[in-house]
Amino acid sequence: MKQHLQTLLETALAHLVANGELPAAAAAQLPPLERARDPQHGDFASTVALSLTKLARQPPRQLAERIVAALPASPQVAEVSIAGPGFINFRLAPSAYHAVIADILAQGPQFGRCDLGAGQTIQVEFVSANPTGPLHVGHGRGGAYGAVVADLLTAVGYTVHREYYVNDAGRQMDILATSVWLRYLELCGELLPFPSNGYKGDYVWDIAAALHREQGDAYRADADVVFADLPADARADLPADDPAAGDKEAHIDGLIARAKHLLGDHHYRLVFELGLNIILDDIRDDLAQFGVVYATWYSERSLAERGAVAQVISRLQASGHTYTQDGALWFRASNFGDEKDRVLIRDNGQTTYFATDIAYHADKFERGFARILDIWGADHHGYVPRIKAALLALGHPAERLDVHLVQFAILYRGGERVQMSTRSGEFVTLRELRREVGRDAARFFYVMRKSEQHLDFDLDLAKSQSNDNPVYYVQYAHARVSSVLRQAVERGLMPETSAGLTHLERLTEPQELALIKTLARYAEIVVSAATGVQPHLLTQYLRELAGDFHSYYNAHQFLVPDAALFDARLKLILATRQVLRNGLELLGVSAPDAM
RNA sequence: GCGCCCGUAGCUCAGUUGGACAGAGCAACGGCCUUCUAAGCCGUGGGUCGCAGGUUCAAGUCCUGCCGGGCGUGCCA
């Protein structure tokens with residue numbers, strides 16, 4: 001419809017140019033058509049007269065009049081008017097709107113989908129939490145956001161590759177393995193001071209118990225030997241800068257080295273793998289139950305194992321983008337837009353997480369995705385320039401990488417902020433959240449706000465079965481349509497007795513027209529939500545659609561004796577249900593037939 | 001200090017690549033169930049769009065400078 005109106009305007013401009021009433025350049029400057037914000041202004045508005053006023057050297061209203069006079073007639077357009085400073089407003093013929101209903105019913109689940117992406121491949125990497133513990137509610141937001149973005153992009157025609165980057169190497173995993181082993185030693189009866197920097201969650205005990213079940217006391221060592229001659233751990237009762245306060249990092253690193261030494265490579269590896277696998281299985285299962293499924297779980301360790309990290313480093317070296325200083329190898333990130341240079345290989349010979357991440361992103365480009373979307377927690381925002389810098393240095397088109405940052409979710413219960421901290425073990429897991437509020441509410445709430453906005457997640461609201469709860473509000477609209485259908489069947493008023501789509505002209509009530517207009521916007525909403533990577537536009541829209549339906553429901557009876565009117569109204573609410581269902585489907589939220 | 005994000009109604013937030021009088025939900029107040037689920041609907045009140053300049057026919061939206069809040073700023077991941 002938009003396109004149709006634009007064509008009419010183009011024709012009018014061409015006509016005026018041909019008559020010499022407008023300079024030739026004017027024809028090329030047609031601004032996009034807008035939906036009228038106020039129904040009183042009609043359905044669509046063009047600002048063409050406003051934007052051409054300078055070029056044409058005419059006041060906008062006068063220009064608008066000329067354009068309107070040159071506008072070809074169209075059966076779809078009921079009225080064209082000029083308003084305000086020079087807006088050209090279009091009011092559509094009712095039949096143009098009624099056609100939307102037929103469209104929706106014909107396309108069913110396909111309605112709102114399109115081929116904008118033309119099958120281009122796009123990778124979406126999201127969550128990618130370290131497998132050092134269960135997912136918490138912060139990861140949940142990234143999961144819901146990434147999943148919905150991926151589904152939206154699929155809906156508009158992209159071929160989407162969902163990926164989880166598994167940090168299955170590195171120091172944090174060593175800390176986990178060591179934490180598991182220490183808990184195992186405690187289960188064996190050893191008494192020991194658990195390191196302040198270790199993982200203290202209950203799940204570590206569970207993994208340790210699994211280790212003990214499998215291996216008995218075979219991995220046991222004497223606690224005195226384990227802790228002999230280690231750097232002192234940090235003391236909570238002293239400030240960190242006090243020399244006597246100890247060093248929790250040095251302490252835990254000492255413990256890791258001790259674990260590797262006492263267990264030997266093989267046994268250490270086994271402990272490490274056990275922890276990794278149990279936690280990764282848990283994460284996988286958790287996300288699957290949340291409706292989040294990946295095509296690839298990409299192993300960080302595999303990058304190092306096949307030499308990809310060493311390779312990107314030598315490529316950077318060969319192209320002169322590195323230097324050595326203080327025993328470390330540095331990347332000249334500041335030559336590529338980053339604020340300072342970054343270390344690739346530490347003075348102890350270990351590669352940094354950054355180096356591995358370069359290899360990972362280089363690999364993404366080498367796999368040939370047309371676009372790459374990273375969804376990160378907002379605390380990683382400082383990391384974006386250095387990754388882009390490295391990609392540029394490697395000769396990759398870094399502009400194809402878009403990093404979207406998701407701000408934290410803050411939970412509230414009973415008006416009080418719920419405290420979270422992974423390391424201390426006092427956190428709310430995604431699984432607990434799902435158990436408490438359910439998958440539907442969690443998914444909906446997570447994407448309800450702009451991703452760059454902090455999310456206040458009100459647990460009480462998400463749980464409440466009341467009109468305050470937007471999830472229920474939308475789902476209830478869907479259920480109500482189904483309920484009406486059940487009533488229709490009970491009364492013997494079945495759709496097949498109706499006369500098809502020939503009575504839509506009977507839909508003339510204000511609530512009906514408002515509802516139809518909202519339905520007509522759905523496809524545009526999906527496109528802007530997908531291309532703008534803004535799922536909240538969809539939740540916003542669905543609330544509006546549900547609102548229009550509820551108003552209609554309260555104002556008019558659907559099951560009326562007038563067969564033609566009944567038929568028309570039935571078609572309208574069926575179309576409404578279809579759009580609600582399609583939208584909820586994209587959000588990963590169920591569309592119940594009864595509540 | 002520097003970088004990024006955010007400041008819109010009492011609260012939580014929208015605001016369509018600048019557009020016509022700034023919107024929604026909640027909260028407050030007043031109505032609506034012998035009729036398809038009241039998990040709903042209708043109505044009323046409530047805002048110097050953080051502040052000050054600038055660009056523009058047009059600024060909540062773009063630019064600059066302040067003020068306030070969050071995050072980041074490691075040879076951590």
Side-chain angles (χ1 to χ4, degrees), chain A residues 31-32 34-38 40-41 45 47 49-51 53-54 59-60 83-87 89 130 132 167 169-173 175 249 300 325-330 338-340 342-354 356-357 377-385 405 407-408 412 448-456 458 461 464-473 475-477 479-488 490-491 493 511 521 524-525 528 531-532 536-537 539-540 543-544 546-547 549-560 569 573 594-595:
Chain A
E34 298 171 11
R35 275 190 188 276
R37 292 186 179 182
D38 186 337
Q40 291 190 340
H41 299 137
T47 57
L50 295 170
S51 58
T53 182
K54 208 166 229 178
F87 293 96
N89 292 332
N130 282 347
T132 52
N167 295 113
R171 182 162 169 268
Q172 293 306 318
M173 286 306 296
I175 295 176
E249 304 293 348
E300 173 190 353
Q325 185 183 304
D326 302 330
L329 184 72
W330 295 71
D338 196 6
E339 59 186 19
K340 54 181 286 195
R342 309 288 176 178
V343 171
L344 294 169
I345 302 178
R346 294 196 265 158
D347 59 3
N348 64 9
Q350 290 188 324
T351 53
T352 56
Y353 178 89
F354 174 50
T356 316
D357 224 17
D379 52 336
H380 287 72
H381 71 77
Y383 206 72
V384 178
L405 302 170
Q407 289 285 347
F408 295 116
Y412 288 87
M448 203 160 57
R449 303 289 177 226
K450 277 191 300 203
S451 61
E452 60 265 33
Q453 187 93 265
H454 288 273
L455 175 69
D456 286 338
D458 186 335
L461 178 62
S464 77
Q465 306 204 341
S466 75
N467 52 356
D468 311 4
N469 188 337
V471 188
Y472 280 91
Y473 187 75
Q475 289 182 318
Y476 182 43
R480 263 187 159 174
V481 178
S482 295
S483 175
V484 171
L485 285 185
R486 283 193 295 274
Q487 287 287 328
E490 278 175 28
R491 299 184 193 184
L493 301 164
Q511 292 86 354
R521 277 170 43 215
E524 284 172 35
I525 296 290
S528 12
T531 57
H536 76 278
L537 296 177
T539 59
Q540 195 93 359
R543 292 171 75 169
E544 200 180 326
F549 172 75
H550 288 309
S551 294
Y552 181 32
Y553 181 98
N554 270 73
H556 301 285
Q557 282 276 311
F558 307 141
L559 306 178
V560 290
R569 290 184 170 173
I573 64 172
M595 298 182 73

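Worth saying up front: this structure is predicted, and the values here are computed from it rather than measured. Lettering follows sequence order; numbering is per chain, from 1.
- Look at A:F87 and the base of B:A20; the rings stack, centres closer than 5.5 Å and planes less than 30° apart.
- Shown here are the side-chain hydrogen bond (donor to acceptor under 3.5 Å, both in side chains) partners of A:E524, two or more places apart in sequence or in another chain: A:R35.
- Closest approach to the A:V484 side chain among B:C75, B:G25, B:C36 is made by B:C36 (side chain taken as heavy atoms from C-beta onward).
- Spacing between B:A28 and B:G10 at atom P, rounded to whole Å, works out to 16 Å.
- Using a 4.0 Å heavy-atom distance criterion, A:A479 is classed as a base contact.
- Distances from the side chain of A:F558 to the nucleotides B:U37, B:A77, B:C36 place B:C36 closest.
- Of the candidate nucleotides B:C41, B:A39, B:C76, B:C76 has the atom lying nearest to any side-chain atom of A:R171.
- Atom CG of A:N469 is separated from atom C1' of B:A24 by 16 Å (rounded to the nearest Å).
- In this structure A:Q475 satisfies the side-chain hydrogen bond (donor to acceptor under 3.5 Å, both in side chains) test together with A:D440, A:S590, sequence neighbours excluded.
- Proximity note for A:Y473 (side chain, C-beta onward) versus B:C41, B:A38, B:U12: the nearest is B:C41.
- In the set B:C36, B:C75, B:G15, the nucleotide with an atom closest to the side chain of A:A328 is B:C75.
- For B:C41, the base adopts the anti conformation, since its glycosidic angle falls more than 90 degrees from zero.
- Picking from B:C13, B:A77, B:G15 the nucleotide with the shortest atom distance to the side chain of A:K450 gives B:G15.
- Going from the C1' atom of B:C4 to that of B:C42 covers 45 Å, rounded to whole Å.
- Legend: residues meeting side-chain contact (heavy atoms from CB on, under 4.5 Å) with A:N348, ordered by chain and number and at least two apart, are A:R346, A:Q350.
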Pairs: protein N or O with nucleotides 54-63 of chain B N or O, under 3.5 Å:
| residue | atom | partner | partner atom | Å |
| --- | --- | --- | --- | --- |
| B:C57 | OP1 | A:K54 | NZ | 2.6 |

Where does RNA chain B pair, written as one dot-bracket string 5' to 3', with Watson-Crick or G-U pairs under 3.5 Å, ( ) inside the strand, [ ] for crossing pairs and | for another strand?
(((((((..((((.....[...)))).(((((.......))))).....(((((..]....))))))))))))....

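- Distance CG (A:L455) to P (B:C13): 8 Å, rounded to an integer number of Å.
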Between protein and nucleotides 71-74 of chain B, what N or O pairs are separated by less than 3.5 Å?
| residue | atom | partner | partner atom | Å |
| --- | --- | --- | --- | --- |
| B:C71 | O2 | A:H381 | NE2 | 2.9 |

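- Rounded to a whole angstrom, the distance from the C1' atom of B:G19 to that of B:C62 is 14 Å.
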Produce the list of close N/O pairs, under 3.5 Å, pairing protein atoms with atoms of nucleotides 32-35 of chain B; give distances to one decimal.
| residue | atom | partner | partner atom | Å |
| --- | --- | --- | --- | --- |
| B:U35 | O2 | A:Q557 | NE2 | 3.4 |

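- Among residues two or more places apart in sequence or in another chain, the ring pair (Phe, Tyr, Trp, His ring centres under 6.0 Å) test is passed with A:F558 by A:Y552, A:Y553.
- Looking at the side chain of A:T47, the nearest of the listed nucleotides B:G19, B:C76, B:C36 is B:G19.
- Nearer the 5' end of RNA chain B, as judged by each residue's closest nucleotide, is the contact made by A:L537, out of A:L537 and A:H556.
- With sequence neighbours excluded, the residues that form a side-chain contact (heavy atoms from CB on, under 4.5 Å) with A:A477 are A:A546, A:F549, A:H550, A:L580.
- Nearest nucleotide to the A:R346 side chain, out of B:A77, B:G15, B:A38: B:A77.
- A search for side-chain contact (heavy atoms from CB on, under 4.5 Å) contacts involving A:A169 returns A:E300, A:R301, not counting sequence neighbours.
- Contacts of A:Q325 classified as side-chain contact (heavy atoms from CB on, under 4.5 Å), with partners at least two apart in sequence or in another chain: A:Y323, A:W330.
- In this structure, A:N348 atom CG and B:C75 atom P are separated by 12 Å, rounded to whole Å.
- A donor-acceptor pair is defined here as one N or O able to donate and one able to accept, closer than 3.5 Å; no such pair exists between the side chain of A:R449 and the backbone of A:H454.
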Every protein N/O within reach of nucleotides 42-47 of chain B N/O, cut-off under 3.5 Å:
| residue | atom | partner | partner atom | Å |
| --- | --- | --- | --- | --- |
| B:C42 | OP1 | A:S551 | OG | 2.7 |

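- For the pair A:Q540 CD and B:A24 C1', the interatomic distance rounds to 7 Å; values are reported in whole Å.
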